[in-house]
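Following: one structure in structure tokens, then a few remarks.
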Amino acid sequence: MKKALISSVSVLALLALAACGEDEEAARASAETAVEQAANETREAAEATGEAVAETAQNAADAASEAAQSASETASRLADDATQAAEDAADTAEQMADDAGEAVQQAAEDAGAMAGEAGDALRDAAGNLADAANETAEGAGQMLENAAEGAGEALEGIADTAQNALAAAGLAGPLAGTRWVSPDSDTAFVAFDAGTVSGNGGCNTFTGSYETGEDGALTVGPLASTRKACEAEIMTAETAFLAALGSASAYSVEGDTMTLNDASGSQLIALSRAAQN
């Protein structure tokens with residue numbers, strides 16, 4: 001570039017000389033020579049500039065290629081790292097899932113075992129309570145039975161005493177001192193003393209009062225009874241037995257059989273004479 005400027009200055013100088021009076025032909029030859037020299041110099045400068053530009057472009061291309069290669073290697077390495085990280089994350093997630101599944105399974109097994117133990121404990125407690133309740137009920141039933149028997153015996157003693165006193169005074173009725181059993185039960189009976197009646201309906205003992213009148217009239221007062229529970233068949237027979245006694249309005253005795261009738265004369269029950277106590 002510098003050489004081209006020098007050549008341009010030389011051409012201008014030659015033209016100036018020609019203008020000052022030199023021979024026109026010589027000036028033209030000199031100008032042509034100068035122009036050719038300037039062209040050669042310009043061509044050389046252009047070639048040098050082209051070579052510099054080409055070299056610069058090559059250097060830039062080489063640098064770009066190296067940069068691209070480095071970027072490709074970096075991207076490949078990053079991709080490999082990302083792939084490895086993803087694989088590690090997947091392995092970790094799988095391991096965590098396995099651990100969670102085992103924990104849930106263990107928790108379920110522990111809960112099942114605890115539920116089974118609780119159920120066993122509840123069953124044992126319920127069984128113990130049932131046994132205790134049965135024992136208590138049996139004990140209470142036995143106590144009531146003993147008390148009823150004791151009360152019955154006491155009442156019989158009182159009745160015997162009253163009967164004896166009334167008999168001594170001549171006040172005992174025609175049924176006093178008699179005992180009658182039901183043909184439908186092995187344990188049901190009724191005993192008449194002086195003004196009192198007592199017995200067993202088949203399950204429970206009872207006591208009350210009665211009065212006799214002319215022509216076989218009979219009135220049995222309210223009867224008090226114990227409250228034991230027996231089999232259904234026995235309880236049904238006892239209810240009928242006590243109802244017949246309470247509904248009786250008249251009686252008749254023929255040999256060892258006493259018949260109780262209601263107010264209309266219908267037979268309620270027939271009893272058999274038993275030996276006196």
Margin query: Between R77 and D80 (salt bridge meaning N to carboxylate O under 4.0 Å), is one present in this structure?
Written below: no

Check: Which atom names give the shortest non-hydrogen contact between A263 and S249, and what distance separates them?
Finding: N-OG, 3.5 Å

Checklist line | Pairs flagged by salt bridge (Lys or Arg N to Asp or Glu O under 4.0 Å) wherever residues 251-264 is involved - sequence neighbours left out | finding: D256-R273

Notebook entry, point to check: Looking at A194 and A176, what are the two nearest heavy atoms and their distance?
Noted result: N-CB, 4.0 Å

Notebook entry, point to check: So how far is it from E238 CD to E231 CD, rounded to the nearest 0.5 Å?
Noted result: 13.0 Å

Next item on the list: Please identify each residue that fulfils side chain to side chain contact (heavy atoms under 4.5 Å, CB included) with N261, with sequence neighbours left out.
Entry: T259, Q267

Next item on the list: Not counting sequence neighbours, which residues clear side chain to side chain contact (heavy atoms under 4.5 Å, CB included) with S225? List them please.
Entry: N204, F206

Checklist line | T196 to Y210 - nearest heavy-atom pair and separation | finding: O-CE2, 3.1 Å

Notebook entry, point to check: Does T205 offer a backbone N or O that forms a donor-acceptor pair with the side chain of T226 under 3.5 Å?
Noted result: yes

Check: Can you find a side-chain donor-acceptor pair between E73 and Q69 that sits under 3.5 Å?
Finding: yes

Next item on the list: State the CD-CG distance between Q58 and D62, to the nearest 0.5 angstrom.
Entry: 4.5 Å

Margin query: Which heavy atom of L223 sits nearest to which heavy atom of G208, and what is that distance?
Written below: CD2-CA, 3.9 Å

Next item on the list: With rounding to the nearest 0.5 Å, note down the distance linking CD in E47 to CD in E44.
Entry: 7.0 Å

Next item on the list: Examine distances only and state if a side-chain atom of T239 and a backbone atom of M235 form a donor-acceptor pair shorter than 3.5 Å.
Entry: yes

Next item on the list: Supply the atom-to-atom distance I234 CD1 to F241 CZ, rounded to the nearest 0.5 angstrom.
Entry: 14.0 Å

Item checked: Atom pair CG/OG of D193 and S209 - distance to nearest 0.5 Å -> 12.5 Å

Checklist line | Considering all heavy atoms, the nearest A274-V181 contact | finding: CB-CG1, 3.7 Å

Checklist line | Residue pairs involving residues 205-269 (criterion disulfide (SG to SG under 2.5 Å); sequence neighbours excluded) | finding: C203-C230

Note to self: I'd like to know if L271 and V253 are part of one continuous hydrophobic network [Ile/Leu/Val/Met/Phe/Trp/Tyr, side-chain heavy atoms within less than 4.5 Å].
What the structure shows: yes

Margin query: Holding to side chain to side chain contact (heavy atoms under 4.5 Å, CB included), I want the full list of residues that pass it with A244, two or more places apart in sequence or in another chain.
Written below: L268, I269

Notebook entry, point to check: Do side-chain atoms of S198 reach the backbone of T207 as a donor and acceptor pair under 3.5 angstrom?
Noted result: no

Check: How far apart are the closest heavy atoms of L175 and Y251, and which atoms are they?
Finding: CD2-CE1, 3.7 Å

Item checked: Counterpart residues, side chain to side chain contact (heavy atoms under 4.5 Å, CB included), relative to D184 (two or more places apart) -> S182

